[in-house]
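Structure first, commentary second.
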Amino acid sequence: MLKKQFRIRKQKDFENVFSKGRYISEKFLTLKIVSNKLAFSRFGFIISNKVSKKAVERNRAKRLLRESIRLFQDSIKSQIDFVFIPKKEIIGKDFVEVNECVEKLLKRSGLLEK
RNA sequence: GUAAUAAGCUAGACAAUCGCCUGUUUAUUCAUGAGCGGGAGGAAAGUCCGAACACCCGUAUAAAAUUAUUUAUACGAAAUGGGUAGUUGCUAACGGCAACCGUUUCGAUUCGUUGAAAUAGGGAAAGUGCCACAGAGACUAUACUAUCUUGAGCAAUCAAGAGAAAGGUGAAAAGUUGAAUAGUGUUUCACAUUACUUUUGUAAUUUGAGGCUAUAUUCUUUCCUUGUCGGUGACGGCAAGUGAUGGUAAACCCUGCCUGGUGCAAGAACAAACUCUGGAAUUUUCAGAGAAAAAGUGGUUCGCAUGACCCUCUCAGCAAUGUUGGGGCUAGAUAGAUGAUUGUCGCUUCGGAUUUAUCCGAGGAACAGAAUUCGGCUUAUUGUUUAUUGCCUUU
RNA sequence: GGAGAGUUGACAGAGCGGUCGAAUGUACCGGUCUUGAAAACCGGAGGGCCCUCACGGGUCCCGGGGGUUCGAAUCCUCCACUCUCCG
């Protein structure tokens, strides 16, 4: 789980990412990225009611994504805002599958440091 | 053994590593570290009811003021609309809960009663509406078949009228149900007498037996009214009466009771400090207009976690529930915390092995996530215990 | 978090408790017209299950369950789903 500092929380920040960012998508995940002026990277997650009507399933998906990002956090370049938008298919997936998908996305974006 | 219903309990446990939100103590570079703590439910859900709480509206009173208005306190009248509906009790309140009453269904019965289940259960004897199709007629009753009387006709039949017993239609047919006795009318049969007739026979009368039946009396039964007894009451028992009322109010409506409106996105403070005009004029307050700001205005803080709270005990009560004493503090996020990966043990399914209750391997563990709080209802759902009823098997 | 509206055939969309499996339009099928098509005109047809070689017949279905009523798409109630609004 990420600290509050590293999450995107403001409406304006989300709008900024949507208007200026580029996007990459994998099986059941879409990623939007844009650079920011801070010293660190920030992450946001959007899961709408259309993904699942049950709050348990939406929270579950969000927690898995955040846990996966936490593990990659040290190797990700700074000064980037990330927004993850999962699709319906994420419901029922376990941590290993989600983690693989996140890793693929980050590699394709070229923002992973070695 | 199995199924249904009702009630109760439960919602795997422990440990390790890496993380998240938060209370408090402490350190300093003042937003970070360290120490000690806390961190989802029985439904947190649906938002179907109710209450607390906050603001607004209206009314009344008081003060300032006396044209308006403002502030404070108290209350929620009337109308409309909405809700609710056996009785008594419980509750902060409820459409909730408990006990009882009535009704219905099923079963048992020694026919006196009794067990189980269900129950939105005021008023149809205040008024209005509706009752399709069928049927003669569906609420100011009516007359199709059949019956009787009168008239027309050779006859078939037609017309007018009577009465309310039967048939038929329908969910429902005019109205309490059934029985006994008396009895009027009508009709069938038998015998006898009289009249007519050649005879067979026909007509009338008496008697006997049978069918249908107006009416009367008695008994029984449903409802209603009155009286009386029991019960706080719903209601029940008994007695009397020249009493007799179709269904529908989850149709309008009537009656009793409840209800002012909006919801924590309520609302308050901070950032945010000012100028001008007008009313009153000392402060203060109200209305209107304007200006200003590093950025931020969908910001931050409060509301917001001591409560109709939880555990245990005493007493009262059939129970719901109330009460006495003791102990406890038990989530508080806001793009929204409670997660990830493992190990051991427990439960359980399948397969294999044999020592027949153990081992090995592969799995499984439901419904579901706080968002102002609480009381209910409803819906979803894992395992298990008890009770009742039904069914099957064995003794 | 809170407040509301709706759900009828393949699609849209009417529908007084009775004559309603249900108006009407689009789409579909057949026919007329045409060399052929379109348009126009005429006619037809909902779905599931059961019986039937077939024709045809029976029964259930207006989002789902339960109730009121002689009778429910319509009235009441409990759910499911879809959509809208509130700083």
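Residue numbers begin at 1 in each chain, while the letters A, B, ... track the order of the sequences.
- Base pairing annotation: B/U297 forms no Watson-Crick or G-U wobble pair, as no partner gives both donor-acceptor distances under 3.5 Å.
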Measure all distances between protein nitrogen or oxygen atoms and nitrogen or oxygen atoms of nucleotides 80-84 of chain C, and list the pairs falling under 3.5 Å.
| from | atom 1 | to | atom 2 | distance (Å) |
| --- | --- | --- | --- | --- |
| C/U82 | OP2 | A/K53 | NZ | 2.6 |

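- Of all nucleotides present, none satisfies the Watson-Crick or G-U wobble test against B/U200 with each distance under 3.5 Å.
- A distance of 12.0 Å separates CD1 in A/I85 from CD1 in A/I90, rounded to the nearest 0.5 Å.
- How far OG of A/S68 is from CG of A/L106: 7.5 Å, rounded to the nearest 0.5 Å.
- Here A/L65 contributes atom CG and A/I46 contributes atom CD1; the two are 12.0 Å apart, rounded to the nearest 0.5 Å.
- Here A/S25 pairs with A/Y23, A/T30 under the side-chain contact (heavy atoms from CB on, under 4.5 Å) rule; sequence neighbours left out.
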Handout entry: Steps toward side chain to side chain contact (heavy atoms under 4.5 Å, CB included) verdict (A/F82, A/K32)
Key = CA-CA 6 Å; A/F82 295 83; A/K32 282 218 163 220; over 6 Å; no
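- Using atom P as the reference point in both B/U140 and B/A132, the two lie 15 Å apart (nearest Å).
- Straight-line distance between the C1' atoms of B/G336 and B/A370: roughly 11 Å, to the nearest whole Å.
- When the salt bridge (Lys or Arg N to Asp or Glu O under 4.0 Å) test is applied to A/E26, the partners found at least two apart in sequence or on another chain are A/R108.
- Nucleotide B/G96 forms a pair with B/C90, judged by Watson-Crick or G-U wobble geometry with both contacts under 3.5 Å.
- Across all strands shown, B/C57 is found opposite B/G76 as a Watson-Crick or G-U wobble partner, with both distances under 3.5 Å.
- On the C1' atoms, B/A11 is 16 Å away from B/U385, given to the nearest whole Å.
- Separating the P atom of B/G81 from that of B/A333 is a span of 48 Å, rounded to the nearest Å.
- Across the protein-nucleic acid pair, A/F45 atom CZ and B/G336 atom C1' stand 13 Å apart, rounded to whole Å.
- The pairing partner recorded for B/A108 is B/U113, the criterion being a Watson-Crick or G-U wobble arrangement whose two distances lie under 3.5 angstrom.
- Picking from B/G369, B/U338, B/G339 the nucleotide with the shortest atom distance to the side chain of A/N59 gives B/G369.
- In B/A40 the O4'-C1'-N dihedral to the base is within 90° of 0, which defines a syn nucleotide.
- Between A/K104 and A/E100, no side-chain nitrogen of the basic residue sits less than 4.0 Å from a carboxylate oxygen of the acidic one, so the salt-bridge criterion is not met.
- Look at B/A190: its Watson-Crick or wobble partner, with both distances under 3.5 angstrom, is B/U207.
- Pair check for B/A11 finds none; no Watson-Crick or G-U wobble contact set falls under 3.5 Å.
- Taking the P atoms as reference points, C/U84 lies 27 Å from C/U74, given to the whole Å.
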What N/O pairs connect the protein and nucleotides 362-368 of chain B at under 3.5 Å? Give each pair on its own line.
| from | atom 1 | to | atom 2 | distance (Å) |
| --- | --- | --- | --- | --- |
| B/A368 | OP1 | A/K54 | NZ | 2.8 |
| B/A368 | OP2 | A/K54 | NZ | 3.1 |

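- Both A/E57 and A/K62 sit near RNA chain B, but only A/K62 has its closest nucleotide nearer the 5' end.
- Rounded to whole Å, the P atom of B/G375 lies 23 Å from the corresponding atom of B/A380.
- Atom CZ in A/R58 sits roughly 13 Å away from atom P in B/A45 (whole-Å rounding).
- Distance check: A/L64 CG to A/C101 SG gives 12.0 Å after rounding to the nearest 0.5 Å.
- Residue A/F43 contributes atom CZ, which lies 15 Å from atom C1' of B/G19 at whole-angstrom precision.
- For B/G328, the base adopts the anti conformation, since its glycosidic angle falls more than 90 degrees from zero.
- Residue-to-nucleotide proximity on RNA chain B shows that, of A/G44 and A/L64, the 5′-proximal contact is made by A/G44.
- Going from atom CZ of A/F95 over to atom P of B/U341 covers 6 Å, rounded to whole Å.
- The distance from atom CD1 of A/I46 to atom P of B/A335 is 13 Å, rounded to the nearest whole Å.
- The separation between A/N99 atom CG and B/G339 atom P is 18 Å, rounded to whole Å.
- Distance CD (A/E67) to C1' (B/A337): 14 Å, rounded to an integer number of Å.
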Practice task
Mind running side chain to side chain contact (heavy atoms under 4.5 Å, CB included) on A/N59 and A/I47 for me, showing each step along the way?
Solution key: CA-CA 9 Å; A/N59 281 344; A/I47 303 182; over 6 Å; no
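- For B/U330, the glycosidic angle deviates from 0 by 90° or less, giving a syn base.
- Residue A/L71 is out of contact with every strand shown, counting any heavy-atom pair closer than 4.0 Å.
- A/D94 places its CG atom 15 Å from the C1' atom of B/G339, with the value rounded to the nearest Å.
- For B/U242, the base is syn relative to its sugar; the glycosidic angle is within 90° of 0.
- If you check distances only, the side chain of A/R70 does reach the base of B/C18 with a donor-acceptor pair under 3.5 Å.
- Across the strands present, B/U128 finds its partner in B/A251; the criterion is a Watson-Crick or G-U wobble pair with both atom distances under 3.5 angstrom.
- By the side-chain contact (heavy atoms from CB on, under 4.5 Å) test, A/L71 is found to be paired with A/E67, A/F95, residues two or more places apart in sequence or in another chain being considered.
- Here CD of A/E103 is found 4.0 Å from CZ of A/F72. Values are rounded to the nearest 0.5 Å.
- A pairwise comparison of heavy atoms in A/F28 and A/E97 identifies CZ-O, 4.2 Å as the closest pair.
- Classification of B/G112 as syn follows from a glycosidic angle within 90° of 0.
- Annotation: B/G343 and B/U10 have their C1' atoms spaced 26 Å apart (nearest Å).
- With sequence neighbours excluded, the residues that form a side chain to side chain donor-acceptor pair (under 3.5 Å) with A/E57 are A/S52.
- Each of B/U341, B/A337, B/C18 was ranked by its minimum atom distance to the side chain of A/R63; first place goes to B/A337.
- Comparing the same atom, C1', in B/C315 and in B/A92 gives a spacing of 24 Å after rounding to whole Å.
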